Amino acid sequence: MEYTAPATPYQVLKDLETCYEEFRAALTQAKAANMGETIGFFFRGQGNPRVGEALARFDPRITALVEALAGLLASCPPEQASELAALALEQLLFYPLAKDSTLDFSQMALEGRAQPLVAFLTPERRRSLAARYKQRTAPRMMMPNQKKLWEALSH
């Protein structure tokens, strides 16, 4: 999906926040309506198709927004770029947990999309985010995309 970037990184950051809120809302709406539907999803073997549809719909949008933000940050002063990258990473990595493993797993799947923003962080911000990320999910429990992101933050 093509995304035409607004003129400022602040607008892209706002668009990213809005998109991610819509994604979380779509995941919440995708939950099974009743026990019969839950059992049907279980026997289907592929889980809830509405969760997969939400992920397929929002993944390209979030990816495009992150790429647009990274492109704009490249022309910002380093401290400003670091601050804005950190704000975006806050949205993508430290979201409220849904306490529903299917929904949380779907959000985790998109965490790796944040990787292009790591390059803009100051070393201090990187270390701070790496420590918080490690507290949120122990490295031994991380999915491959999370582990790759954590390693990028840790170096």
Side-chain angles (χ1 to χ4, degrees), residues 1-31 47-155:
M1 169 180 247
E2 192 171 318
Y3 175 73
T4 305
T8 71
Y10 296 99
Q11 185 58 51
V12 178
L13 198 58
K14 181 65 178 158
D15 292 350
L16 181 63
E17 179 183 357
T18 300
C19 183
Y20 210 71
E21 286 173 5
E22 290 171 4
F23 173 56
R24 284 195 294 261
L27 288 176
T28 300
Q29 291 173 350
K31 288 176 69 170
N48 182 339
R50 291 189 304 252
V51 170
E53 290 166 6
L55 194 55
R57 189 171 71 235
F58 284 95
D59 181 16
R61 290 173 58 191
I62 290 170
T63 300
L65 285 162
V66 168
E67 289 172 357
L69 181 59
L72 290 169
L73 293 180
S75 62
C76 290
E79 188 55 42
Q80 181 186 25
S82 177
E83 181 180 332
L84 294 171
L87 289 172
L89 286 162
E90 283 290 328
Q91 291 177 32
L92 295 168
L93 306 180
F94 301 107
Y95 48 83
L97 294 174
K99 295 182 177 61
D100 177 315
S101 61
T102 302
L103 304 184
D104 287 340
F105 186 75
S106 297
Q107 291 178 112
M108 281 183 236
L110 294 184
E111 289 179 18
R113 300 300 187 250
Q115 185 119 13
L117 302 174
V118 173
F120 297 99
L121 298 172
T122 61
E124 181 180 303
R125 275 203 174 102
R126 242 184 226 207
R127 284 189 296 274
S128 174
L129 284 171
R132 287 181 53 218
Y133 197 51
K134 181 180 174 184
Q135 282 180 327
R136 184 172 175 113
T137 307
R140 72 183 190 293
M141 302 298 289
M142 289 179 178
M143 296 293 163
N145 67 326
Q146 291 176 301
K147 191 154 207 144
K148 185 176 177 183
L149 180 62
W150 177 70
E151 288 170 355
L153 287 167
S154 298
H155 295 101

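No experiment lies behind these values; they were computed from the predicted model shown.
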### Message
Using 0.5 Å steps for rounding, measure from the CD atom of Gln146 to the CG atom of Leu93.
### Response
9.0 Å
### Query
Is any side-chain heavy atom of Leu69 closer than 4.5 Å to a side-chain heavy atom of Leu13?
yes
### Task
Could you tell me which residues satisfy ring pair (Phe, Tyr, Trp, His ring centres under 6.0 Å) with Tyr133, sequence neighbours excluded, listed by chain and number?
none
## Note on the structure
Smallest heavy-atom separation, Asn145 atom then Leu110 atom, equals ND2-N, 4.4 Å
### Message
Just verifying a value: how many Å separate Leu55 CG and Gln107 CD, rounded to the nearest 0.5 Å?
### Response
10.5 Å
### Task
Mind listing the closest non-hydrogen atom pair of Leu89 and Ala114 along with its distance?
CD2-CB, 3.4 Å
## Note on the structure
So CD1 of Ile62 and CZ of Arg57: to nearest 0.5 Å the spacing works out to 10.5 Å
### Message
Nearest 0.5 Å, please: how far is CZ in Arg113 from CG in Leu92?
### Response
11.0 Å
### Query
Heavy atoms, side chains only, cut-off 4.5 Å: are Phe94 and Leu129 in contact?
yes
### Query
Do Arg24 and Tyr95 meet the cation-pi criteria used here (NZ or CZ under 6.0 Å from the six-membered ring centre, within 45° of the axis)?
no
### Task
Output all residues satisfying ring pair (Phe, Tyr, Trp, His ring centres under 6.0 Å) with Phe23, sequence neighbours left out; order by chain, then residue number.
Tyr20, Phe58
### Task
Start with the C-alpha gap between Arg132 and Glu90, add the side-chain angles, then the distance that decides, and say whether salt bridge (Lys or Arg N to Asp or Glu O under 4.0 Å) holds.
CA-CA 10 Å; Arg132 287 181 53 218; Glu90 283 290 328; 2.3 Å; yes
### Spacing of CD belonging to Glu83 relative to CG belonging to Leu121, to within rounding of 0.5 Å
11.5 Å
### Query
Is a donor on one side and an acceptor on the other found under 3.5 Å between the side chain of Ser82 and the backbone of Thr122?
yes
### Query
What are the two closest non-hydrogen atoms of Arg125 and Ala86, and how far apart are they?
CD-CB, 3.7 Å
#### Entry: Which atom of Leu84 lies closest to which atom of Tyr10, heavy atoms considered
CD2-CE2, 3.4 Å
#### Entry: His155 NE2 to Trp150 CH2 distance, which is reported to the nearest 0.5 Å
8.0 Å
### Task
For Arg136 and Leu97, run side-chain contact (heavy atoms from CB on, under 4.5 Å): C-alpha distance rounded to whole Å, both residues' side-chain angles, the deciding distance at 0.1 Å, then the answer.
CA-CA 10 Å; Arg136 184 172 175 113; Leu97 294 174; 3.0 Å; yes
### Query
Do Met143 and Glu111 touch side chain to side chain, with heavy atoms closer than 4.5 Å?
no
### Task
Write down the atom of Val118, the atom of Ala152, and the distance for their closest heavy-atom approach.
CG1-O, 3.7 Å
